[in-house]
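What you see below is based on every heavy atom in this structure, not just the backbone, and it leaves out hydrogens, waters and symmetry mates. Just so we're on the same page: letters track the sequence lines, and every chain starts at 1.
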Number of protein chains: 2
Amino acid sequence: MDSQELKRAGLKATLPRLRILEILERADPRHMTAEDVYKALLDHGEDVGLATIYRVLTQFEAAGLVSRHNFESGQAVFEINRGRHHDHIVCMQCGKVEEFVDEVIEQHQRDIAGRYGFELIEHSLVLYGKCRQCASRKN
Amino acid sequence: MDSQELKRAGLKATLPRLRILEILERADPRHMTAEDVYKALLDHGEDVGLATIYRVLTQFEAAGLVSRHNFESGQAVFEINRGRHHDHIVCMQCGKVEEFVDEVIEQHQRDIAGRYGFELIEHSLVLYGKCRQCASRKN
DNA sequence: ATGTATGCAAAACATTTGCACCTGG
DNA sequence: CCAGGTGCAAATGTTTTGCATACAT
């Protein structure tokens, strides 16, 4: 039951929060903008205001339930946090997002932070390119 | 003469463009928001509209003269392109930005893109942390 | 001269906030 | 019951655009 998760995070298990969590859990692709979530809820016949979605997503982020990414699109995208940290590779043409982890890169990041006297808190690594399908399409 | 640079980029050497280029060349810290550039020009007694600054910075970016970065601050920052590609480490407290290059990370990025069938076009790597001064300050 | 650039004000966007009403525990 | 959550509309902050005027070549 998701309401447990919410309570553990110190948030009341309200209907909008449960619905938003559900949408994110079932999301495929996993990365959604606030607007995407809003439309998904409308499609499911749920009537939740966009402002609430932003508020809830921000709370979820603070609680560690979701991550927010600022890809080049201008709109922030959100994804539910399951499993471990990962970075992203985004197709600039079709928007497809793949996830990857590279321990060597992670270790080098820590070394670099140390070398510059920084206490590393987080990082953002996004590769932008063209995926196989888009590259082979002749447009 | 900067006007050469502009003409090479296919842009007329107008006064606003020259002034903006100057500001970016002399900038320290090297990373400025559009607003920063605007204020710097006002300080120098130049009267350039903010809209022009955005237009010019966008053209400069397209021409490869400057790079635009979306750090977590919400506002885009611009820096002049001298020398080679580099990534950034940003202090979340005072905003200080350091630049670094790590050839191992670069190589792993290329490998990862290949492994996922992507043609790598660009990437964005930003480390966020606390710099030595901010870490030692007891607030 | 003439095609481009610019300045200004207004528009467009994504996101946040104030406030009166509703709801979960 | 009542602190906290929500919806709506309005505000915010950044970036973009339309259009009449000004400028580089």
Side-chain angles (χ1 to χ4, degrees), chain A residues 1-23 31-42 44-63 65-78 95, chain B residues 1-23 31-42 44-63 65-78 95:
Chain A
M1 201 49 175
D2 284 338
S3 38
Q4 302 312 315
E5 258 188 286
L6 289 176
K7 284 180 196 149
R8 239 179 290 129
L11 298 167
K12 268 191 199 169
T14 64
L15 217 87
R17 298 217 259 241
L18 287 168
R19 292 290 170 265
I20 293 173
L21 201 49
E22 266 177 46
I23 291 287
H31 300 78
M32 304 183 78
T33 65
E35 192 86 33
D36 289 340
V37 174
Y38 179 65
K39 286 191 198 128
L41 284 170
L42 285 190
H44 289 225
E46 305 283 345
D47 184 22
V48 177
L50 187 53
T52 298
I53 297 191
Y54 276 106
R55 270 186 294 235
V56 169
L57 288 173
T58 301
Q59 295 159 344
F60 283 4
E61 188 193 11
L65 293 176
V66 311
S67 299
R68 177 195 307 244
H69 306 291
N70 296 300
F71 297 159
E72 299 208 335
S73 55
Q75 287 156 88
V77 299
F78 299 83
Chain B
M1 200 50 176
D2 284 338
S3 38
Q4 302 311 315
E5 257 188 286
L6 290 177
K7 283 180 195 147
R8 236 180 291 130
L11 297 167
K12 271 193 198 166
T14 64
L15 216 86
R17 297 216 258 238
L18 287 167
R19 292 290 171 266
I20 293 172
L21 201 49
E22 266 175 46
I23 292 287
H31 301 78
M32 304 182 78
T33 64
E35 192 86 33
D36 290 339
V37 175
Y38 179 64
K39 286 190 198 130
L41 285 171
L42 286 189
H44 289 225
E46 306 283 345
D47 186 21
V48 177
L50 187 52
T52 299
I53 298 190
Y54 276 105
R55 271 186 292 234
V56 168
L57 287 174
T58 302
Q59 294 160 344
F60 283 5
E61 188 194 10
L65 294 175
V66 310
S67 299
R68 177 196 307 246
H69 306 292
N70 296 302
F71 296 158
E72 300 208 333
S73 56
Q75 289 157 85
V77 298
F78 299 84

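Nucleotides of DNA chain C with any atom under 4.0 Å from a heavy atom of chain B span, from 5' to 3', C:dG3 to C:dA9.
Interatomic distance, CG of B:Asp47 versus CG of B:Leu41, reported as 9.5 Å (0.5 Å rounding). Expressed to the nearest 0.5 Å, how far CG of B:Asn70 lies from CG of A:Asn70 amounts to 7.0 Å. Note that the CG atom of B:Leu18 and the CG atom of B:Leu6 stand 5.5 Å from one another [nearest 0.5 Å].
What you find for A:His31 and A:Asp36 is that their closest heavy atoms are O-OD2, 4.4 Å. Residue A:Leu50 comes nearest to A:Ala34 through the heavy atom pair CD1-O, 4.0 Å, listed as atom of the first residue, atom of the second, then distance.
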Exercise for the section: Could you please spell out the steps behind the salt bridge (charged side-chain N to carboxylate O under 4.0 Å, His left out) verdict for A:Arg8 and A:Glu5? Expected result: CA-CA 5 Å; A:Arg8 239 179 290 129; A:Glu5 258 188 286; 5.5 Å; no
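Contact check for B:Ile20 versus B:Ile23: no side-chain heavy atoms found under the 4.5 Å cut-off.
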Restricting to nitrogen or oxygen on both sides, can you table the protein-nucleotides 9-18 of chain D pairs closer than 3.5 Å?
| unit_1 | atom_1 | unit_2 | atom_2 | d |
| --- | --- | --- | --- | --- |
| D:dT14 | OP1 | B:Gln75 | OE1 | 3.4 |
| D:dT14 | OP1 | B:Gln75 | NE2 | 3.1 |
| D:dT15 | OP1 | B:Ala76 | N | 2.9 |
| D:dT15 | OP2 | B:Tyr54 | OH | 2.3 |
| D:dT15 | O5' | B:Tyr54 | OH | 3.3 |
| D:dG18 | O6 | B:Arg55 | NH1 | 3.3 |

Contact list (N/O, under 3.5 angstrom) for nucleotides 20-22 of chain D vs protein:
none

Donor-acceptor contacts under 3.5 Å from residues 51-63 of chain A side chains, at least two apart:
| unit_1 | atom_1 | unit_2 | atom_2 | d |
| --- | --- | --- | --- | --- |
| A:Thr58 | OG1 | A:Tyr54 | O | 2.8 |
| A:Thr58 | OG1 | A:Arg68 | NH2 | 3.2 |
| A:Gln59 | OE1 | A:Arg17 | NH1 | 2.9 |
| A:Glu61 | OE1 | A:Arg68 | NE | 3.1 |
| A:Glu61 | OE1 | A:Arg68 | NH2 | 3.3 |

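Separating the CD atom of B:Gln4 from the C1' atom of D:dA24 is a distance of 14 Å, rounded to the nearest angstrom. If you measure from atom NZ of A:Lys7 to atom C1' of D:dG4, you get 15 Å, rounded to the nearest angstrom.
In terms of the ring-ring contact (aromatic ring centres under 6.0 Å, His included) criterion, residue partners of A:Phe71 (sequence neighbours excluded) are, by chain and number, A:His69, A:His88.
A heavy atom lying under 4.0 Å from DNA chain D marks the following residues of residues 8-18 of chain A, by number: A:Lys12, A:Thr14, A:Pro16, A:Arg17.
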